[in-house]
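Down below is the structure, laid out as structure tokens.
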Amino acid sequence: MTVLIAILVVGLISLAFGALLGFASVKFKVEGDPLAEQIDAILPQTQCGQCGYPGCKPYADAVANGEAINKCAPGGDDTIKKIADLMGVEPIAMDEAHETDNTPKVAFIIEEDCIGCTKCIQACPVDAIIGTTKQMHTIIADECTGCDLCVAPCPVDCIEMRPIPQTTRNWQWDLANIPVTQID
Amino acid sequence: METVIERIEQGRFWQFHGGIHPPEMKFLTTNKPIRTVSLPQRLVLPIQQHIGEAGELIVKPGDYVLKGQPLTKTTVPLAVPIHAPTSGTIASIENHIIAHPSGLNEMSVILMPDGEDRWRERHIVENYSQLDKNTLVEKIANAGIAGMGGAGFPTHIKVNTKAKIDFLIINAAECEPYITADDLLMREHAASVIEGIKILDKILEPAFILIGIEDNKPEAIDALNHEIKQFDKIKLCVVPTKYPTGGEKQLIKILTGKEVPSGVLPSSLGIVMQNVGTCHAIAEAVISDTPLIKRVVTVTGQALEKPQNVWALLGTPIEHLLQECQYPQQQKRHIIMGGPMMGFSLPNTQVPVVKTTNCILAPSEKEIPDANQEIECIRCGQCAEVCPAQLLPQELQWHAKAKDSEQLTKLNLFDCIECGACAYVCPSHIPLVHYYRVSKAEIRQQKLLDIKAEKAKQRFEARKARLERDKKAREEKHKKAAEARRARMNSGTEEANKEKSAVAAALARVQAKKAQQSGVQANTTNDDKKSQVADAIARAKAKKAGQSAPNGDAGDDKKQQVAAAIARAKAKKLAAKEQANDDSAEENINAVETKPTSAQDDKKARVAAAVARAKAKKLAAQEQPSDVGTDDTGKSPETISSTAEDAKKARIAAAVAKAKAKKLAANTESDDQRTEGEAEASTKDKDDVMAEAIVEPPQETSTSTQDDKKARIAAAVAKAKAKKLAANTGSDDQRTEGEAEASTKDKAEVTAEAVVEPMQETSTSAQDDKKARIAAAVAKAKAKKQAANADTDVKQVEGEAKASTKDKTNVTAEADVEAAGETSTSAQDDKKARIAAAVAKAKAKKLAEKAQKDNQTS
Amino acid sequence: MTDYLLLLIGTVLVNNFVLVKFLGLCPFMGVSSKVETAIGMSFATTFVMTLASLLSYLVDTYLLEPLSLQYLTTMTFILVIAVVVQFTEMVVHKTSANLYRSLGIFLPLITSNCAVLGVALLNTYEKHNFLESIIYGFSAALGFSLVLVMFSAMREKLANADVPKPFKGSAIAMITAGLMSLAFMGFTGLVKL
Amino acid sequence: MAYWIASSPHNHIQDKTSALMRLVIYATIPGIIAQWYFFGWGNLIQIGLATVTALIAEFLVLSLREKNIKEQLFDGSAILTAVLIGISIPALAPWWVSVLGALFAIAIVKQLYGGLGHNPFNPAMAAYVMLLISFPVQMTLWQPPLSLMHHQLDFVNTLSVIFTNFTLDGYSVEQLRTHIDGFTMATPLDTVKTALTMGKTVEEAMTSPVIGEYFSVGWQWINAAFLLGGFVLIYKKAISWVTPASFLASIFVCSFIAFMVSPDTNTSTMFHWFSGATMLGAFFILTDPVSGATSVKGRIVFAALAGFLVFIIRKYGGYPDAVAFAVLLCNMAAPLIDQFTRPRTYGHQ
């Protein structure tokens, strides 16, 4: 007999709370997952595809639901750290398969060789290359993100990636690189 | 406002937080007058000596310039011109080391003085009071005056503010130890300093003028008092000596009790501050029309025999000043530009004097000991007590070492004025200011990167939208064209039937071609684009797997082969599907569909290519370490370059294969269009995904039928050659993988050439038959040379033959260039020649690499 | 009235749930890497513990005792706590999305937080009346929050300390928590219950 | 021709952290002498033991972590910690108590967190608390002042008590602590607390011989000596005057209010100041810059909280002298205090 009462009581309680939760879940409906956009905002937007995804947004969506966070080569370690902070996970080292020296590079077209075949223009994700068919092409230096997608399609191999030269404006106070010995 | 003036009258000033009392050491140079220095052998004038943009050069090497003649003119408001400090010839304009802590080089004018010191004509202005404000500001701007206190902000901008100015503060504090330049300047030229102040008063019309000076310069105070007696608007405020009283924000707090809000210019508070040196320069510029060409520099330090203040011409190398003050030649040279607190150490003595150089310090060993060992911060808080900006240096260094930029901005790192007081008092000898400078540079760099990323994102979104729009537009056009055609066909008129028969003929021809090609080689001639691309990638991957097999690990290799096999299978299945719906009437619509679907495949192919490239790069990286491991180091440099070479070649092969695939698709398309012969083909959008497709059809329709025939001949010749080449390279299969891969590349390259040739021939206009014939000849010559090279590979002739091929390739390369040279008649020919030369040069380069690779593999 | 105050001080300081009774250690270790998340977690836990101790008291006195179903207390308490946590999770998800994300798994984990169930069971065990059990729940949560926020501020500083490699991360956190409980022993005997 | 490259500023004041530490050690000497004068050789031996252990522990850990041993071993921080431990534990505590304390302080509380500058807790007080909770018996065998003891404790006897728990002629520590009339003498704070718990009034408690004419025989002079040492430190700018002032003020205010409320059950403010380890805590322990708060406002709050806790635990808590617990609790709160007491930066509101 008491067992029946016990079952009845527990059933009653859970019924009441079930109703409460049902009502609450309707009232507090939440839509969309802002996480993917936030990750996309962190990525360096070079759309270079070295993470295996055809651009930064797809990689951001993948990371939002579980992809490894250390595949973005241009972003390097600080992008990994930022994504780790956002997602609240431990930052892990850069995936060595994608390890490329991410010193910032800019593409450069050797003008004598360019035959105006516009293949690089189609390849450039950010339209940083000016030129039409049969005309000389050139790259807008400060638009180019250094994603190196234009090097491959060029039939006459006239595009090379050049590191950005160091000037007094972007010098970063690392006194070590002045070629002078320090005496202690 | 009144209270400020009342307090100043009574000599009671406000206090700023912190501050330190380092030993002043001004006695070294206060008792000696300012000496003029002899002319140095050469003057180095960096074209940018101020904050903002550099001016534009208006002189070229070899010009003779007079003293005071401007060398650069200003186009941008934030630019300040530089002038020739003395008459002489300009030796060169080159990158020379400049006065910057980085020791980097910047564009500078090298002037060789001729010793005559001849002035350009100058018009002296007796009474500047009738000049209106704009001419005064313009005179200051043309004289190239920038702030001389240390920042170097262009004066004409600072002076030209629209805001209502309550206080014009003249900074004569000079709180940095050792430096007495302003002190001596005020003593000897108090009159011209006051003139300069009056000019500023005329321009800015401030309510009050305050001269802030420290109480450790009695003679200068007397000199100034004597001068300002009859000018009651100027108040001389003698403030207690404390470093960094000379800081802009600190002096404003002392004199007016106001605090400049963070990140805002003082002019928003109605205050403009100018250095004493700048006032003197303004007076010189406006009254005696002398641009800023020399300034007072304190050359001091106990390592010098005779430390003294000198009038130094801008651009004088430090070497010269040190010789003038007898700097002993010692092994360890310790030279600082600026004072001991804020100056930077110089990497060598060729650095020139610039507008902001107020001191050259050559301290002896005991004066400034070498930096001793930095130990951990014990948070003793002494640095927080002395910080004039009321920051927490111990918290800042903790987060700076951890590179935590978010905390650093929360702790207001950018309010740090880098005065050095905290590092001066730190008992653990931590170079605090160095950490802050590094962190500031990193945070600025990160901001730039974020902005660039944002811009790249927008451009990418815009491009995607544009491609979407184009695709939709193209689809509508095709749909309209298809309806129009269908309507015409069933209208039953006479030319409708002819059209129908034309369509049927085209279908038949396509059928024949497909049957014929599929017979010869299963995957290479298959004309469906999708399978082509997958094949190419599969082949590239298989080849890479083949390559890495000898030295890569077996596991990776097996995975590659499996992937290649899958790709091949997929390609074959697609080809079969394509076959099934080929013969249906809607073939061209399919062609249309394949184009958009091929667009997606193209993108997928590009991604696959990118991934392949990334893997290729990784493989190349893997091979490099394993290669270096090999014993004969002699050989390894070549192999490293060759493996890198293979990786690049693999990438190029993948790309070229893709390009070829696109071309072939374009050919099949062009056949259909020709059959339709509709005007529609020519109106196709310019930036269609298949660029080549555009290249061929418009030219073809416009040239006469005769040219059409010749183009087809050339195409046929090229195809034949390609087939022959494929046949004989197939024979030497037993060659190592590298070899085969090289030959397939040749084949691909030949076809690429073939692609280029017909394009060239067809592009000549109707009336240039002769030129077409020459171009054909050139193409034939190249093809022959190509064939010759292929034979040498097959025969593997030792030593001289290879040498000969190398010479031959060079010879043929020249031959191409000459051939191209002879036919250069019209401009168009010239362009065509250049293209031929470029392709030849690229090919020659590739051949040379291949030849070089041959002699190691043999 | 004073004994309510003593109960409060006693639970917050003398028998602090985390450092003396060693309850609720897993969120204490898990969430304390940043101060904001710690504060967020403290509010959530305080809300849950107070509500849970209130509801469990009601369920216990008006349902289980009259029907003498005491053997069901643990189960019903867990049911109550689960419901309250689910409700809190929805509220937090709705109000601030990034707090929800930074808490992550630890928000639903409050259900399994032994401090929450502990406070409910201790209420029945020590026969607290209605008001006492609410104060007990609230002060237990207050003690938990105080220690959690202090600990997170310390860990934020410890993150950049030059701790030897094997001790980095949670090892040094455990040692610090040990030293903190050492310090809290000073409060023993403060309140004579 | 080598050029010297460095980032500004180039000149520097000459004092160093190790000099600072040494100055603090010298400032404890007056207190130690007073302790020697009133309680004999006990504490000196403890200080010796602790210092030797501390240096050995520091040497081991530094060599383990390949740090620059020469530089860091004798920078004074390890010696200062050892001296503080030696002063604060009972004079006749067995030898292994101070050895264990020094080991725990240096190896765990200081070096494990990364050495000088990284430890969140004050090593000496953490060691004292660990010892007090792990060995309550040994840590409460407080030696009465020499003047009140009927056995003579010269150097050799003290040595034997520390190492063998018995004097040469066989007296145990317990016997040493019993007064001629038979009751065991404790520290003044302890006697007052036990008296109050037994319901006596403060005057009656004050009559016990341990109190002596003012507040306590011996202990008051030791506190006065440390006060003197503290003034020297403030004068030499080794510590900021803010922390001790705020600590003593908050104790003064709390005890003053309590005294006003019920004079019978609360001791006078001066008694709180000059008994137990108040002055030692105020000038030498709370002013440890590494584990305390950094900004001036932070230090005021930090020290006030410490004073309040000392008073609360002394009045209501279970332990007679709570300076060590209060210091540890405030060290725990220091990072949080730092976050909320940041000074206003120039140009910000």
Side-chain angles (χ1 to χ4, degrees), chain C residues 2 5-6 9-10 12-16 18-20 32-36 38-39 42 143 145-169 171-193, chain D residues 61 64-67 104 107-123 125-134 136 193 197 290-291 294 309-310 312-340:
Chain C
T2 54
L5 194 63
L6 286 182
I9 295 175
V12 172
L13 294 178
V14 182
N15 345 347
N16 184 292
V18 179
L19 293 180
V20 177
S32 52
S33 53
K34 272 206 277 300
V35 179
E36 302 88 31
I39 292 173
S42 318
S145 311
L146 172 73
V147 174
L148 180 66
V149 172
M150 271 206 279
F151 186 54
S152 64
M154 280 180 81
R155 274 192 74 177
E156 228 173 56
K157 229 164 85 59
L158 277 185
N160 308 331
D162 173 20
V163 176
K165 205 97 196 64
F167 287 95
K168 270 212 185 311
I172 201 70
M174 289 286 184
I175 294 171
T176 318
L179 287 173
M180 283 168 80
S181 66
L182 211 64
F184 258 70
M185 301 287 271
F187 287 122
T188 48
L190 196 67
V191 169
K192 310 291 183 298
L193 273 180
Chain D
V61 173
L64 213 64
R65 297 203 57 197
E66 292 104 27
K67 285 253 178 90
F104 180 77
I108 308 288
V109 182
K110 179 183 168 198
Q111 288 297 347
L112 199 62
Y113 284 94
L116 181 68
H118 294 279
N119 49 330
F121 293 101
N122 182 308
M125 286 305 113
Y128 178 84
V129 165
M130 184 275 290
L131 292 172
L132 185 59
I133 290 173
S134 335
K193 179 178 273 293
T197 43
V290 175
S291 51
T294 49
L309 286 174
V310 164
I312 289 287
I313 297 175
R314 274 187 185 174
K315 181 153 177 41
Y316 301 105
Y319 292 96
D321 184 5
V323 170
F325 287 111
V327 165
L328 279 193
L329 289 166
C330 292
N331 287 156
M332 252 165 47
L336 205 58
I337 294 172
D338 272 349
Q339 292 213 348
F340 291 107

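Below, chain A is the first sequence line, B the second, and so on; all start at residue 1. Everything quoted here is computed from the prediction, not taken from an experiment. Computed from heavy atoms alone, side chains included, the values below leave out hydrogens, waters and symmetry copies.
Contacts of C:Val147 with chain D are absent, with no heavy-atom separation under 4.5 Å from either backbone or side chain. For a residue to count as touching a neighbouring chain, one of its non-hydrogen atoms must lie under 4.5 Å from one of that chain's; by this rule C:Ser152 does not touch chain D. Residue C:Leu182 touches chain D through both its backbone and its side chain, counting heavy-atom pairs closer than 4.5 Å. With a 4.5 Å cut-off on non-hydrogen atoms, D:Phe340 does not touch chain C at all. For C:Ile175, the parts lying under 4.5 angstrom from a heavy atom of chain D are both the backbone and the side chain. The part of D:Ile133 that comes within reach of chain C is its side chain, from C-beta onward, which places non-hydrogen atoms under 4.5 angstrom from that chain.
Applying the ring pair (Phe, Tyr, Trp, His ring centres under 6.0 Å) criterion to C:Phe187, with sequence neighbours excluded, gives C:Phe184. In this structure D:Lys193 satisfies the side chain to side chain contact (heavy atoms under 4.5 Å, CB included) test with no other residue, sequence neighbours excluded. Under the side chain to side chain contact (heavy atoms under 4.5 Å, CB included) criterion, D:Ala334 pairs with D:Phe302, not counting sequence neighbours.
Taking CG of D:Leu132 as the start and CE of C:Met185 as the end, the distance is 10.0 Å to the nearest 0.5 Å. Put simply, CD1 on D:Ile312 and CD1 on C:Ile9 are 8.0 Å apart, with the number rounded to the nearest 0.5 Å. Distance check: D:Tyr113 OH to C:Ile172 CD1 gives 4.5 Å after rounding to the nearest 0.5 Å.
Highest contact tally toward chain C, considering only D:Leu64, D:Leu112, D:Val129, is held by D:Leu112 [criterion: heavy-atom pairs under 4.5 Å]. Contact count versus chain C (heavy atoms, under 4.5 Å) is highest, among D:Asn119, D:Ile313, D:Leu336, D:Ile108, for D:Leu336. Looking only at heavy-atom pairs under 4.5 Å with chain D, the residue among C:Gly186, C:Gly189, C:Ala171 that has the most is C:Gly186.
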Quick one: do D:Leu329 and C:Met150 satisfy side chain to side chain contact (heavy atoms under 4.5 Å, CB included)? Show the steps, please. CA-CA 10 Å; D:Leu329 289 166; C:Met150 271 206 279; over 6 Å; no
Verdict with supporting geometry, C:Lys157 and D:Asp338, salt bridge (charged side-chain N to carboxylate O under 4.0 Å, His left out): CA-CA 11 Å; C:Lys157 229 164 85 59; D:Asp338 272 349; over 6 Å; no
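C:Met180 has its side chain out of reach of D:Asn331: every pair of non-hydrogen atoms, C-beta onward, lies at least 4.5 Å apart. With a 4.5 Å cut-off on side-chain heavy atoms, D:His118 and C:Val163 do not count as touching. Residues C:Leu179 and D:Met332 are not in side-chain contact: their nearest non-hydrogen atoms beyond the backbone lie 4.5 Å or more apart.
By a heavy-atom distance cut of under 4.5 Å, D:Gly318, D:Tyr319, D:Phe325 are the residues of residues 318-327 of chain D near chain C, going up by number.
Here the closest heavy-atom approach between residue D:Pro335 and residue C:Met154 is recorded as CG-CG, 3.5 Å.
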